[in-house]
Structure formats: structure tokens, C-alpha cells
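So that the names make sense, note that chain A is the first sequence line, chain B the second, and so on, each numbered from 1.
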Amino acid sequence: MTAAATAAVALVLIAGGLLTVATFADRERSSLDRELERRAQGPAGRAVRPAPEPGSLEVAPGPDGPGGGGPGPRDLLAESGSFVRVVSDGQVLRAAGDVPDEGLPTRSDPGFATVDAGGGRWRILTIALELPPGFGSLSEPMIQFGADAGPLESRIDSMQRRVALISGLGIGLTVILASLLAGPALAPLSRLRRSVAGVSTTRDLSRRLPEGDAGREVDELAHGVNEMLARLESSSSETERALEATRRFAGDVGHEVRTPLTSMRANLDAVRRNPSMPEAERRAVLDDVAREQEDLVAVLDALQALARGDSAAALPREPVDMAEVIDSAVEAARRRHPGAHVELTAAEGEHMITGWPDGLRLLIDNLIENAIRHGGERVTVGLERDHGTLLLTVGDDGPGVPAREREHIFERFTRGAQAGSSPGSGLGLALVAQQAQMQGGDVTVGDSPAGGALFTVRLPGA
Amino acid sequence: MTTEPLVLVVDDDEEIRKALERALRLEGFAVRVADGGHAALELVEQERPGVMVLDVVMPDLSGISVVSRMRARGDDTPICILSARDEVEDRVAGLEAGADDYVVKPFDIGELAARLRALLRRMPAGDGAPIRVGDLLVDPARRSVQRAGRHVQLTRREFDLLEELARHRNVVLSRGQLLEGVWGYDFEVDGNVVDVFVGYLRRKLEADGETRMIHTVRGVGFVLRA
């Protein structure tokens, strides 16, 4: 931009200079030409007279010539650097003044001409002499008025030099001014360019361009780029989070499977390597192995249920009576854990919702199982309707969930500090959260009236 | 009177603690267990175990930190790290911090027991005569190493490996020979603990841009040359 402005100014200066020089030269030359014309019409011109004798031409004698009376051509052309000649048919008949030594043509067309002669430049005005009838044996008589064009040319030359110098200075000044003025004017754009380059080299999408310290157009540009960066950043960080979650999940699965495999292997080796192990110890080892195997199966079941849940959104939904599902789940839990007290308090009648029955059963099973494993002795399951929403609650009288753990307890493979290494896949509550979300509801954890944990699932009614 | 060597098993998983406690007891060890890093550091002080089995990933204090703290207070109880196959970085960090060996979960109890028994056997002290190979000076009596006048800080197992190589300078030693001579493993073992420690030694001996002294002889083993 700076370069373009400078080029434009240079072009104008050069064109103006050339025009000035051309105009000056033209005026100088035409003033010389007018001077030559004036002389041709003046005494010097008139001094050339047809001679009294026919067939000859007399040129008035100069001061050095014979006779006298009136100024001769030499006087008239006394100014240095000018001459007058009479030529005819290539022959110089008479000449006066400062005639160049050689190179002056003895034939020339009527009118003005510029010739190089005698080491200088001359301007010549040639006039054809019209001899009165009877005079004429002379062929093509011409009179040439010449003037030395040297001083004129040198004036034009010096004019050219001055114009060139002024133009050069002008261009130089333009460059300096342009960089001085354009610098501040373009600085915001330069900063913008550097900032954008910074974003692309560091690949740091959290960077933002400076806004509000430049002109309106530049600020709007920066704002637009910043909005684009923000969108890019959020979409790339979402992808990054998803990838990170997947990586963490794969690592967690590895750890959850490897740990029971390690203790199983140690137990199996103990039996293998000690054939004479006491029977009681042998039984204890095998019981441990069986339980570890069950844990592994539970982890696999939960993983598969989670994977099914991820793809279950596409399954057809149907009307489900939640009261019936809960009743069945509580019965099953009582059979699985004969020692546990599971109470059910449900409002009368049907509690229909539209959903995925297997998923809803999985949700309730996992909540009850979680309460029995990590809670206390009594588990209370409740179902009530709050306007259009179904509230499913599972409470216990155990230690509860500390406030700081509540946020993370629904994440996969998260175990509360209280749970320690108590049994479980670490996936049960993650399954609950997944199912609640799929049914269009949510799950939260708080304190139960009995002092333990209270899980509340809200499901939109039919 | 109990003469069984004492093993301290440190793991945050109860099932693993229980299984290892029983299996190692049946292998003839006396076993103590700790469920975390802090408990392990306390028990080491109290019980002075002959060898330690240490899980790397623990929530309260990692196995790496346990190794570092023990070595920092001058405790050179042999330590065998338990790690998953994909926890390479943790395992490497543990060995670099001064652990002696590692096994990958799940592992064979017979092999773990054999390794522990070998780690329990203290290497006989050197004969005291410093060994010079080129600009390398290995002093078994003071357990110090200098390369071109520069003191090189080595963990115990690194020193043992370098001493073994220096005693057999210009002789190619197989991985099996090094496992037997340095770790006391006269049985087939899983893993590449020799290669890992050779890597550490090279890095420390060439820290100032010195020339390589421990060379790999492909298909055979390693050799120390000036």
C-alpha cells in the first residue's frame, strides 16, 4: 500500500517534470524561431537586394565592404552566434556573421531546421528568394538565417537537470512521508497480522486478537476473527474432551479388569503350587477366586449395558407402568439379598410413562443394588407424581455421599472414598445416570431422612 | 522363632493384598501388607522387611514417591514394582527412582517368589580394588563411579550392573548372565529389566557427551569397552 502510493506520486512527478521540460524547450525554441523571423523581415533581410545588372545578386556591403550608407549585414548580425548566407544551387554567394566552419548544408528546404555544424547546434531559417522577372538566371536562390542554438540547448539541459532534481527530491520526500504516515495508519493491521500468525504458529486456539484499540474497520475485522476462533476452540475442545474421556475410559476398563485377574492368578497359583494346602484354606482360596470371577462378569455386564444404552436411543419406546417395574425390581432385590430390608412406598394407581422398559428396570436395579451394597440395613424405594413428573427415590441409612463427591459419583469407574474397595463394578451409578438421561430425566443425590444417601430420579410422565 | 524372610506387600486393592498375602505365605515368606503409600513408609520403618512388593498406581501416595522417599533416607531395601503392561512410564520412573525390578500384572506367583528370594540375597561386597576401564573408575568399596573425573550418581542396582560389566570388561555378557550376576536370577524371567537398566547407565555415563562404553552385541548381550 505504501509502495503503491509512492509509485503514484513518482509517476505524477515524473510526468509533470517531463511536461514542464517539454513546454519550456518548446517556448525557448519558438522564441529563437521568432527572433530568426524578425531578422528575416528586418534590415538584414532587406539588405539583400537584386543587383542592378540582370543575372546577378548584390548583397549590401558591410562596413568592411565598399561604399557605405546604412548598416551592413555584419552590423545587423553583430550579435555573436548568428549569421546570414545567400546560397544558390549549392553555392554560397555571400555570407556574413558567425558562420560555422563546416557542416552547414548549402541546400535546405524553406522553413526552420536544426542542424549540427562546426561542433555546435544551429537553428536555421531558410527563405526562398523570389527574384523579379528578368533577374533570373540564378537557380533556387535561398537566404539562410542562422542562430547558434547552443545557449538555448544548455538552458534546456539545465532546466531538465533542475526538474529531475526536484522530482527526485519529491519522490524521496514522498517515500519518507509515506512510511512515516502509513506506519501509524497501518500499524493496527500489522498487529492483527502478527496476532493471526501467532495463532497459526502456536496452534493455540485460546488466543484472541486485540480489539478496541484500532480503527472501527480493523476492530470489526478483529472481532469477526475472534468469534471464528471462539467457535473453532469450543468445537476442538469438545472433540478433545470426548477423545480424552474415551482414553480415560479405556484405561479405566483395563485397570478394572486387570486387578481381579491379578488376584485370581495369585489365588490359582497358590492352589496349584501347594497341593497339600489345608482343606479350609483351599476352600477359602477357591471362594475368593469365584467371587473375583463374579466381579469380572459384573464389570463386563455393566460395560455391555452401557454400550447398549449408548445405542438404545434408537429403539422404539412404549408405555410403561413404573409402579409395576418398581414392584418387580424390589421383589427381585429381596430375593437376591434375603438379609436386606427393602421397603416400597408408591402412590396408588398406575404411573405410566413412555420409555424403554429394559432400561428403566436396569436403572432401578442399579439404584437398589447400590443402596444395599454401600448403604446401611434399610433401603426405602418411593414413587410419587409431582404434577407431570414422576419422582423415583431410593434412600438408605448408610454413611451417605459427602457433598464433594456428589458431582463425580455418576461418572464411570468412580467410587466414593467410603466405598473403598467394597464390591461393585464402579459402573452402576453411571448406568443409572445414562438411563435417566435417555428417558429425558435426570438423577441427583442428597441426604435421606435416615441420614444416608437419597437418590432421586425425575422422569417426565406420559 | 521365625526365620522366614519378611515381605511387605503394598497395594490399594484389597483382593490383591489378600491373594498375595496368602500366596506368598504359602511360598514360605512372612508377609505384611499395607493399603497405601503412607502406610507402606510407616511399616518399612517398623518392620524392616527384607524385600518389598510395591504397586505403582495408588491414590494416596504413588509407588514412585515411596521408592524416592525410601532411597532419599538411605533405605536400600530391595523393591519389586507391580505395574500394568500399559503403565510403562510409571514403571520406568519407579526403576529410575531406585526400584530393583518389576513384574507386570497379572503375574506368575512362582516367578515373583523366585525374584523376591533372589533380591533378598545380598550381593557379596566387592573386593575393594577399584576397577579402571579407560576414563571410567568403578570403586566397589566406596560404591562410587567416576567418568573422566566426573562423579556419577547411580542407584544400587545400576552400580551392581556397572560393576559386573566392568569386572568382565571386553567380554560380552548375555542378558541371562547379567540377570544371574546382578539380580541373582538363575531362572527364566519375563521382561527386559537388563535393557532398561543398561539404558539408565548409558544416559548417566554419557551425560557430558562422552563416548559410549556399554555396547550392545546383537543377539548376544552387552559388553563394556574403553
Side-chain angles (χ1 to χ4, degrees), chain A residues 247-299 373 405 408 413-426, chain B residues 4 7 9-29 31 33-36 38-39 53-60 62-63 80-91 102-117 187 190:
Chain A
R247 274 196 291 269
R248 204 174 50 234
F249 183 62
D252 288 347
V253 170
H255 183 255
E256 294 297 322
V257 172
R258 191 180 294 277
T259 300
L261 283 176
T262 302
S263 51
M264 278 173 81
R265 179 62 194 264
N267 282 324
L268 288 174
D269 282 349
V271 178
R272 268 198 325 182
R273 294 172 62 85
N274 299 279
S276 57
M277 188 189 281
E279 181 56 27
E281 182 139 41
R282 226 173 86 86
R283 186 164 298 282
V285 173
L286 291 178
D287 284 350
D288 283 355
V289 172
R291 204 186 49 251
E292 285 149 8
Q293 189 268 351
E294 279 168 19
D295 282 354
L296 258 182
V297 172
V299 169
R373 286 191 176 191
E405 287 179 9
H408 300 291
F413 294 125
T414 301
R415 290 193 177 90
Q418 309 273 0
S421 52
S422 54
S425 63
Chain B
E4 290 118 12
V7 180
V9 173
V10 187
D11 198 302
D12 61 322
D13 185 85
E14 191 188 351
E15 295 297 325
I16 288 182
R17 282 200 304 274
K18 200 165 138 192
L20 279 183
E21 194 271 334
R22 178 159 49 209
L24 290 175
R25 176 166 47 76
L26 289 167
E27 292 292 331
F29 294 96
V31 186
V33 294
D35 63 1
H38 291 299
V53 176
L54 180 65
D55 189 23
V56 175
V57 182
M58 291 185 293
D60 70 329
S62 79
C80 182
I81 285 178
L82 299 183
S83 85
R85 194 166 293 283
D86 58 343
E87 294 166 359
V88 179
E89 283 168 32
D90 292 330
R91 179 195 313 156
Y102 70 90
V103 290
V104 174
K105 293 186 208 172
F107 42 83
D108 182 282
I109 282 294
E111 186 177 324
L112 176 67
R115 288 186 183 215
L116 296 181
R117 274 192 285 271
F187 47 90
D190 191 27

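- With a 4.5 Å cut-off on non-hydrogen atoms, Asp35(B) does not touch chain A at all.
- Applying the salt bridge (charged side-chain N to carboxylate O under 4.0 Å, His left out) rule to Asp288(A) yields the partners Arg291(A), Lys18(B), Arg22(B); only residues at least two apart in sequence or on another chain are considered.
- If you run side chain to side chain contact (heavy atoms under 4.5 Å, CB included) between Leu82(B) and each of Leu20(B), Val104(B), Val9(B), only Leu20(B) comes through.
- For the set Val289(A), Leu268(A), Val285(A), the entry with the most heavy-atom pairs within less than 4.5 Å of chain B is Val285(A).
- No donor-acceptor pair closer than 3.5 Å links the side chain of Arg273(A) to the backbone N or O of Glu27(B).
- Arg25(B) is linked by a salt bridge (charged side-chain N to carboxylate O under 4.0 Å, His left out) to Glu281(A), Glu21(B), counting only residues two or more places apart in sequence or in another chain.
- For Val271(A), no part lies under 4.5 angstrom from a heavy atom of chain B.
- Proximity to chain B is absent for every atom of Met264(A), based on heavy atoms less than 4.5 angstrom apart.
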